Each structure stands twice: as structure tokens, then as C-alpha cells.
Amino acid sequence: MKSIKFKNKKLFYLDQTKLPGQEVWKSCKTIKSGWKAIKELRVRGAPLIGVFAAYSICVHLDKCSDKKAIFFNQFKKALDYLKSARPTAVNLFWALDRLDKAVSENKDKTVKQIKEIIIKEAKLIHREDISTCEKLADFGAALIKNNENILTHCNTGFLATSGQGTALGVIFKTKQQGKNPTVYIDETRPLLQGARLTAWELSKKKIKSFLITDNSAAFLMQNKMIDSIIVGADRIAASGDTANKIGTYNLAVLADYHNIPFYVAAPQSTFDLSLQKGEDIVIEKRDGVEVKKVLGGDFICPAETKALNFAFDLTPSGLITAIITDKGVIYPPYKKNIKRLIKW
Ligand code: MRU
């Protein structure tokens, strides 16, 4: 189950806007098409956009000069350009900064060698993301009991990472372990990542699941139909405050009220320890038209109605039972325990 491929210096991606109806693979030949694929959520999910952005730099290298000064300038510009695609998921910045660091450490080499180093680093980021998902899933699955009813939000599986996923990766692992999970999938308005992508992944993996409207979660919890909630993250501050898909905070508040464990699953690359608290995280605001139309169809409101479309929200760490990472499970007090476990 792959969502991007990089072979012979060529980059391909599964266009997630076409799912679940069509499985369309597209080729990304330019940095501009890489930027657009990220911006338009054709490639999405925090870890995946990091890996994909790194490869988007690789496909751009042939167009860059072989003269050092010009190359460094072009490379810097390309990094900044890709970073402007989306602001919240720190993995995008983290992956591009890794390429930047690899270049800085090899400034004395020829441009040809530096280009090879960039490609090598991008491939390493990709491989690491795959193994990170495995480790995270093992730690997470240990928290889940047999026959658990799990609620999840947005999409955090093999479409959102280059491995098996984060929150969804944990669920896949429990299935492999024979724990027989049942998953309740928030449809995740406005772009329906839950309905279109998570439901598709769970169906492919033959995991029992029910699609629910986002506003059903409280009723299900009230009726004791949910044992735990697992979500992903786009950026986690040093305090443990977490930015994730809009609607995550609702679930955390509800989980607290109903005394249900609320887990965040994320790799080390999703932590941003330069930010002390969640309020410092930039929350992406998207075009209101995504709210006013369902998947680009007819208006579902008067065309002149103004819509607010925050793509993410912030869950304060006090509402999070534990953060599942590839390094282990982090419990409160988060400030101290994140610092202890996360290499940043
Ligand atoms: O806007 P999206 O679809 O990129 O948002 C994705 C999410 O919010 C995910 O929960 C998050 O990136 C974690 S993916 C493993």
C-alpha cells in the first residue's frame, strides 16, 4: 500500500482527491506541480508531505545550475517555495530543513556530488518514515485491548505517511495482533478525509468500521459505544499541545467529559520543540468555498454566504491521555517527558 513512488529520479503520487472513486497515479515532474499537489491536498497528511516535498526538490535538481553560487541560490529558493505550500504540518519544514542541513555540511563538494547527496537524504527520510510507522504502531497497539471500539478523525494511514500510518497504523497493528478492533470514522468535514480515505483504507484492510457524521461523536460516547480515541497530529509543541485536523479538539473535550482515553499518535518529526505552546502554531486557513460546496459540487448555502475554513485546531495537552511516538508512549507531565524522549 503506497501513496508515492520515487524511481529513477522520477516522482509519482496517488491523487488523493480522486479517492475512493478512482485510483489515479500522477507524475510530478516539476517543483511547481509538487507545490500544487501539496496545496490542493492531492498529497496530504503531515509525514507524507514531508517526504513528498523532499522528492519534489529532487525532481527540480536537473533544472538547477552546476555553478555553485547559482545552485545554492536556486536550492534555497526551492526550499522556501515548497515551505509556502501549507503552514501547519511541521514535517514539511522538518524534511526540507534536513536537505538544507545535508547541503550545508557538504558545501565543499561539487554541485554534482551535492545533488546526489540531496537525493540520498530524501530517500533516507522516506525509509525512516516507513520504519517509524512500524515502531509507533507497536507502542500504540500495546495500549489497545481486545474488541475495542475506537473513534478516529481525518486520515492517518498509508495515504498520510509513507508507511502504514500513525493513528491508523496503530489500528492496523491491533488487527494483525488479532485484537479485533471496530473503528468509528468521523467523516471529517469539509474535505471528507475520513469518509473518502480512512473508510477506503479500512475497507482494504478488512477492518470492521462505521462511518459517522462528525456531529455523532458525542452521542456515541454518551451511549458507551466508544472505548478510546486515536488521532494523528500535524505539529506538537514542547508543552504537548497538538495541532491536528479541525474537529480534533471537539473530540478531546468530549473524551474528557466522558472519561474516555484520548491518544495522539505522531512520529518525532511532528514535534516542534522551538514552540513552547500550542498558540504559537500557525493554523492553516483555507478557501471558504471548500465549506460552501461538498467536494466542488453545487453550493450547499447561498453563494454569497461567507464561510470560515480553519483546516486545523489545537488540543491542549491537558486533554491528551498519552502521545504515542516511535520512541515510546509519552505521558504527562508532557513538558518534561517530551524533552526526555524526543530528539530534536
Ligand atoms: O489537511 P490534511 O488532510 O493534510 O490533514 C491531515 C491531518 O490532520 C492528519 O491527522 C495529520 O496530518 C496526521 S497524518 C499521519
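Note that ligands are numbered from 1 as they come in the structure, with each ligand's atoms numbered from 1 the same way. Everything numeric in this text was worked out from a predicted model, so none of it was measured.
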Do me a favour and list the nearest non-hydrogen protein atom to [atom] with residue, atom name and distance?
atom: atom 10 (O) of ligand 1; result: N244 OD1, 2.7 Å
atom: atom 5 (O) of ligand 1; result: K245 CE, 3.3 Å
atom: atom 4 (O) of ligand 1; result: R86 NH1, 2.9 Å
atom: atom 3 (O) of ligand 1; result: R44 NE, 2.5 Å
atom: atom 12 (O) of ligand 1; result: A46 N, 2.9 Å
atom: atom 11 (C) of ligand 1; result: D234 OD1, 3.1 Å

- Note on the structure: Going by the 4.0 angstrom heavy-atom rule, the piece of L41 near ligand 1 is side chain
- Note on the structure: Contact region, C154 to ligand 1, non-hydrogen atoms below 4.0 Å, reads side chain
- Step by step, would you call F71 with D66 a side-chain contact (heavy atoms from CB on, under 4.5 Å)? CA-CA 6 Å; F71 173 78; D66 282 332; over 6 Å; no
Indicate yes or no: does an N/O atom of [X] lie under 3.5 Å from an N/O atom of ligand 1?
X: T166; value: no
X: G45; value: yes
X: A160; value: no

- Under 4.0 Å from any heavy atom of T156, which atoms of ligand 1 are there? 10 (O), 15 (C)
- Atoms of ligand 1 less than 4.0 Å from Q193 heavy atoms? 1 (O), 2 (P), 3 (O)
Any side-chain donor paired with an acceptor under 3.5 Å for [X] and [Y]?
X: K109; Y: N106; value: yes
X: E284; Y: T88; value: no
X: Q16; Y: R42; value: no

- Item | Ring geometry between H126 and Y55 (parallel below 30°, tilted from 30 to 60°, perpendicular above 60°) | perpendicular
- Task: Applying side chain to side chain donor-acceptor pair (under 3.5 Å) between Q164 and each of E134, K205, K173, Q176, report the one that passes.
- Result: K205
- Any side-chain heavy atom of Y81 within less than 4.5 Å of one from I31? yes
- Query: So do I150 and I171 actually touch side chain to side chain, heavy atoms under 4.5 Å?
  - Reply: yes
- Heavy atoms only: which of P47, G169, A233 is nearest to atom 13 (C) of ligand 1? A233
- Query: When clusters are formed by joining ILVMFWY residues with side-chain heavy atoms under 4.5 Å apart, either directly or through shared neighbours, do V170 and I229 land in the same one?
  - Reply: no
